[in-house]
Amino acid sequence: MGKSNDTSAGTGGISGELIRRFQAIVGDDAVLSATDELLVYECDGYVVEKKLPDVVLFPGSTDQVVEIVLACNEFDVPFVPRGAGTSLAGGCLPVGGGVMITLTRMKEILEVNLQDRFAVVEPGLVNLHLTQHLAGTGFHYAPDPSSQGACTIGGNVATNSGGPHTLKYGVTVNHVLGLEVVMPDGRLVELGGATEGLAGYDLTGLFVGSEGTFGICTKVMVRLTRDPVAYRTMLGIFETVGDATRAISSIIGEGIIPAALEMMDQGIVEAVEAAYGFGFPLDAAAVLLMEVDGLEVAVDEEARRIVEICDQAGAREVRRAETQEERQLLWKCRKQAFGAIGRLSPSYCTQDGVVPRTKLPEILEFITAAGERHGVRIVNVFHAGDGNIHPILLFDERDKEQIARVFSASDEILGKCIDLGGSVTGEHGIGVEKISFMDRLFSSDDLEVMGRVRAAFNPKGRCSPAKMLPVAGACGMEHIERSHPGKQAAP
Amino acid sequence: MSGPLAETEGAPPAGGSIDYGRFLDCVHCGLCTAACPTYLETGNENDSPRGRIYLMRGVVDRRVGLTDNVRHHLDLCLDCRSCETACPSGVEYGRLIEPFRIDMKGSRAVGWFERFVLHGLFPYPRRLKWALAPMRWLQLLRVDSVARWLCLDRLLPGTLGRMYRLLPRLKPVAARLPEVLPAVGKRRARVGLFTGCVGDVMFSHTNQATARVLQANGCEVVVPRQQVCCGAIHYHSGAAEPALEMARCNVAAFPEDLDAVILNVAGCGAMLKDYGQMAAEATLKDTAMCESLAGFASRVKDISEFLVELGPRPPLGEVAWRATYHDACHLAHAQGIREAPRKLMEMVPGLELVTLPESDICCGAAGSYNLTEAEMSDRLAKRKVNNILSTGADVVISGNAGCTLQLQAALRQQRRSLQVVHPVDVLDLSYNTSNAAD
Amino acid sequence: MNDPGKPISRAYDEIVPATASELARLLEKNSSGERRPLLPVGGRTALGFGFPIARESLEVSLGRLDQVLDFPARDMTVTVEAGCRMGILQEQLRQEGQRLPIDIPMAHRATAGGVVACNPGGPRRFGFGTMRDYVIGIGAVTAGGQPFRAGGRVVKNVAGYDLCKLLVGSGGSLAVISEVTFKLKPVAAASALGWACFDQGAMVNDLLTDMSTSQARSVAIELLGPKAARQISAESRQQLPEGPLLVGVGLEGSRAEVDWQAEVVERELRAGGANNVVWKEEAAAVAMWSALTEFQVGAESAVTFRASLRPSRTVEFMTAAIDAGVAVQAHLGNGVVHGHLPDDTLDVGRACSIIKSLRAVAVSGGGQVLIERCEPGWQPELDLWGTARGDWELMAALKKELDPGELLSPGRGIDGARASARPIETNEVGVGG
């Protein structure tokens, strides 16, 4: 590759000696240290805060990761793992700079064992590529975040990713059996394994969702799930948001666990209609996209009950997708909803709160009121079945004053989620974005105990510093360049 | 509109003329990354669409200079538009990279290869035919095989050597198509046939097949003599003015009353469909010309797309192949045509269509990319061939001449005897077989 | 610590806090004062796990913390205090058509905190998963008296470290659980179990392979050796087919789902070589689920173990165990085996030889044999968890961080496993499960 390695620029705290060590470990073409090539690594899907890493490495094997981590320890520099960089919370932001260990070249599927229902993959494997690889076997990998076409399984492990189908099938942690981890001190450890019910603490479960602060996973053993035999997909159209949310809690309350239960409000419908012309009624206050799956013998009955519940809740109409094409059309409408938002506003910011499902009407009312109070237009498209809301705040990033109002409205909404017994993140993670909420969500005792748990894995704090837990004096945070918020992407 | 940091004085940076809003369309979600062939190969964000947009925006914002590193990552883009398919926010990536590259070109001298071969030879079928004549003779006399066996081809200078190795076994150039071919049976449509430049020389048999298939489907086929190259080679390498001139010629060449203008080369099809946009970008003063370019573009159809819309005559002759279908970028991503060719192939009796893994990941041909970015092109070709071999197919079906050349060369290099054919070749074969049986 | 001078009255002193804050206060007091070893106690159903309890231990009874704190039925979550009895809780959930779909032995006595700490499971783990999949929020107190929470009361939440996962199965060795929030599932309208006998292990393995692509979605696949089959048959008062290897396939769902799947499963069992398939439905199915759950605690044998295996290696292990006279039940779909050593296992040497041979089979397939209960004093020789695994050091580090004074449940959890290697110092007072 014709490139210049200007090692003097952008490598802040990293010495030339360490760079040469890295080059010896991973090879020249797997080390980026010139500012012009580090630029793209200054942020992930969250663009409000940025920080250049000092060097970016692309290890190709577990051994190389071990060597890198040992070198970082020897030279006392912080390091942070990164997958595809699709985090919406700044999960891969190299707070304080240091070494970014990018795992995108470790993407092999090492083993598929259908009889024992597991697969072993490298962390850089794209989520969807595993399911594509399994096509035709009757199995799939269940967690399906909306970014599954790009995000990596290692990244999913770090953030315990969800997706539209988590309502029925669970999140990442429910599908990870074991991990191979390079510990922050360079030790290689295997957690869990292909056999269930091993004695001892569930370190695999603890590691999943630790946002890169417990070490770097280099192999993931995932459970494989049988494909459903049949689907029924429906679209419920409602006159009021209240009716729609009532229908949601009745469906769950009736003991039906749909495969997916997604809601879009009028604002989103308007945007989707403008973009794709699916034929949604523009005067409806909310639409619900509902899907049941399972045995052919059961889905019709479940679908019938859902239609009945929607009718009782005052639905104007419930349409059923009669063909596979119609089903795909409905899902396209949901999945591409975010893309259509560009038609409403030049910039937007997506939030990720959770409330108990019965509190959905209350939080939605609050969101509307907060929007009015701050003069911010807010539209909603979210995983209703889980109570996981994604209010989207529309603004123009060139207007500083609007940005301030967007921040205030976001903070109020997330604060309300906490008040209603919920959480400030259902699937995006804490990263750096939500770190200021941690002491509102947890007591100092809670955080102190969490800190001790982290100390067992990462006593020196070199691995992913300043993530997940608030740090006294926000160590490292002063290095972050707080720029214009830009737009934020879809969950 | 200008970027927030673009206050520094001096000459406008590369990309400065691009509507800044197009950069803002990208919300930096990263969903495009895994759709990008070069990122799949290198895993480097700089080689991903999101990264490239970030780099271009960085140059415009003057956060980074147009350094060799930056140029390298932008040059490595195949312009396959796979990212546009993946993007949920509707970013028109092609409309960023193409004008940006034009600006980039402006600040660098044009090489001999680009001037003489890409721009001077490829777009002109007659020149190309003469240029290839010696090759045809060499092949006929089997001298080329001996040369290859003796590795004499390695003696050719870099790019020419690659061109030589890309060359397919040339079939004799078929007789020129007459200007008008009548419909078979009741006339259902009157269409123009765009024969292309490189395609017409190297794949004239496919043009013949296209004409026959159209006729068999009740189409009167007009093949205007005045048509010229679509202009893609110029346009994509930043030479906008000659490209526009070619567009004007083509609009003039095809009668306005045609129901459609048909192509069998996806790359040209994407270009022709883009004439309206190209005119808009060039901000032509001549509004009538703009309109006629846009009107022409709206009548352009790929052969598969057209046949499926028309309702094809069922092919009855058996073609007992195990085949796999490769999505040409300019068909799948640039024109959004994925189902039509598959539908046609599924109609052919005896044809077993096996799913190709990563069917819509670029094969590395990408116009002249296989000549200018040799290393990456080879990596992608190898990736594609491995995927093809994993299907166990005997035949690869592809709707783009560039892909066909690339795939044939890559298969030849791995000493595999798989055929690479156009969907219309398959249809033609099936129609002929059934006619013979009648 | 075998100090004859110590007053005997101090054995099994008990603290019975009425609130979580009282619990924290009492633990803080112990930690800054006497520093006695602590033994968190719920329903006393699993006290036989690990090493015998040290005489000077202080029992921390959660018996008075037995309230259901919050049951927003339409949210399908429930928050309970740690001492809440599972049987009572399940009854309350059932009235709303809901359940925690985990098979819990001795549920009438077991408490929420206890089952989270001990992580029991039964046949339906194949269809519904285990405790880790259902605990969404937790409150606990460290040995030093520091109260903490993790997770919350919503079904989807990634804020903070997931300490719920850490405490599930921690055996009371990291913290005293004071409060738990569970995610719930609807009760099934119908359930059925189909039973069939097979002569050879190879047939069962083939069947397992075929069933992995079955159109049915069974919630349990069980394999019983003859001894276990007799015990389970007696406990459930259900006649089961008799043969060397008894396979049971469990189904749940709507009536229509169960009926349709029963046909599929019967076809598959017969295709696999079964001559006869016996179905247990309605009340009979309920009795069977219960007996299949209680087997793991049901026998008075000298040693009870649990093995973790790959499903594909489980039949091999079962055959070896049956040949050694062990009463064995496998949750075959998951590769989890419960075994009771034969009644004639009168000395530790005999027990060791059986366990050693079974461990060899298990370890060769990447598995593990864990001693759940045994005669007092046999622990060190039996080696509770077997060969050390790579992550034990990390477990010990966690234990050290959360319980630096080593006060909590000594001889249990990772501590017990590591203690197996060294001679035992505490008094040998066994407490039956």
Side-chain angles (χ1 to χ4, degrees), chain A residues 1-4 6 29 32 34-37 39-47 56 58 82 84-88 102-107 124 126 128-129 132-133 135-136 146-147 149-152 275 335-343 346-348 397-398 483-484 486-490, chain B residues 1-5 20-21 23-36 39-55 57-59 61 63-73 75-76 83 85-91 339 355 357-358 373 375-376:
Chain A
M1 280 204 273
K3 60 177 197 174
S4 62
D6 176 9
D29 80 322
L32 303 182
T35 319
D36 55 4
E37 288 189 293
L39 186 73
V40 300
Y41 286 97
E42 70 177 0
C43 61
D44 48 30
Y46 174 71
V47 297
V56 173
F58 302 96
R82 174 176 159 130
T86 56
S87 167
L88 293 168
T102 303
L103 295 150
T104 46
R105 288 189 189 171
M106 290 176 66
K107 55 178 179 181
V126 169
L128 187 62
H129 292 179
Q132 281 170 346
H133 181 83
S146 296
S147 57
C151 62
T152 63
K335 288 189 173 160
Q336 310 243 341
F338 285 91
I341 291 164
R343 289 163 196 269
S347 312
Y348 63 91
E397 68 170 304
R398 287 158 293 190
S483 68
H484 65 81
K487 288 191 205 176
Q488 269 196 63
Chain B
M1 220 187 304
S2 77
L5 297 169
Y20 198 77
F23 290 116
L24 294 181
D25 285 342
C26 172
V27 299
H28 213 257
C29 65
L31 298 200
C32 53
T33 51
C36 176
Y39 176 81
L40 283 178
E41 281 295 315
T42 70
N44 184 340
E45 174 96 18
N46 287 291
D47 299 325
S48 76
R50 177 173 72 171
R52 290 188 178 111
I53 292 174
Y54 211 70
L55 286 176
R57 188 177 168 185
V59 170
D61 290 350
R63 295 190 62 209
V64 63
L66 191 56
T67 60
D68 284 351
N69 280 336
V70 172
R71 278 178 189 277
H72 167 73
H73 293 300
D75 277 338
L76 208 58
C83 48
T85 302
C87 180
S89 301
V91 172
E339 292 311 312
T355 306
E358 298 189 335
E373 291 291 342
E375 189 211 329
M376 182 55 74

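To find a chain, count down the sequence lines: A is the first, B the second, and so on, and within it residues start at 1.
Taking CD of Glu42(A) as the reference point, atom CD of Glu45(B) lies at 11.0 Å (rounded to 0.5 Å). Once rounded to the nearest 0.5 Å, the distance linking CG of Leu39(A) with CZ of Arg57(B) reads 10.5 Å.
Nearest heavy-atom pair across Gly149(A) and Ala34(B) is O-CB, 3.1 Å. Nearest heavy atoms, Leu31(B) versus Ser147(A): CD2-CB, 3.3 Å. The shortest heavy-atom contact between Glu37(A) and Asn69(B) is OE1-ND2, 3.6 Å. Closest of all the heavy-atom pairs between Asn44(B) and Tyr41(A) is OD1-OH, 3.5 Å. In plain terms, the two heavy atoms of Cys43(A) and His28(B) that are nearest each other are SG-CE1, 3.5 Å. Residues Tyr348(A) and Ser89(B) approach most closely at OH-OG, 4.2 Å, considering heavy atoms.
Contact tally against chain B (heavy-atom pairs below 4.5 Å) for His133(A), Lys107(A), Gln132(A): the top residue is Lys107(A). Considering only heavy-atom pairs separated by less than 4.5 Å from chain B, the leading option among Asp44(A), Leu103(A), Val56(A), Val126(A) is Asp44(A). When the candidates Leu40(B), Asn46(B), Thr33(B) are compared by the number of heavy-atom contacts under 4.5 Å with chain A, Asn46(B) comes out ahead.
For the salt bridge (charged side-chain N to carboxylate O under 4.0 Å, His left out) test, residues two or more places apart in sequence or in another chain that qualify with Glu41(B) are Arg379(B), Arg383(B). For Phe58(A), the ring-ring contact (aromatic ring centres under 6.0 Å, His included) test picks out no residue, with sequence neighbours left out.
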Verdict with supporting geometry, Val64(B) and Thr35(A), side-chain contact (heavy atoms from CB on, under 4.5 Å): CA-CA 8 Å; Val64(B) 63; Thr35(A) 319; over 6 Å; no

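Heavy atoms closer than 4.5 Å to chain A are found nowhere in Arg52(B), neither backbone nor side chain.
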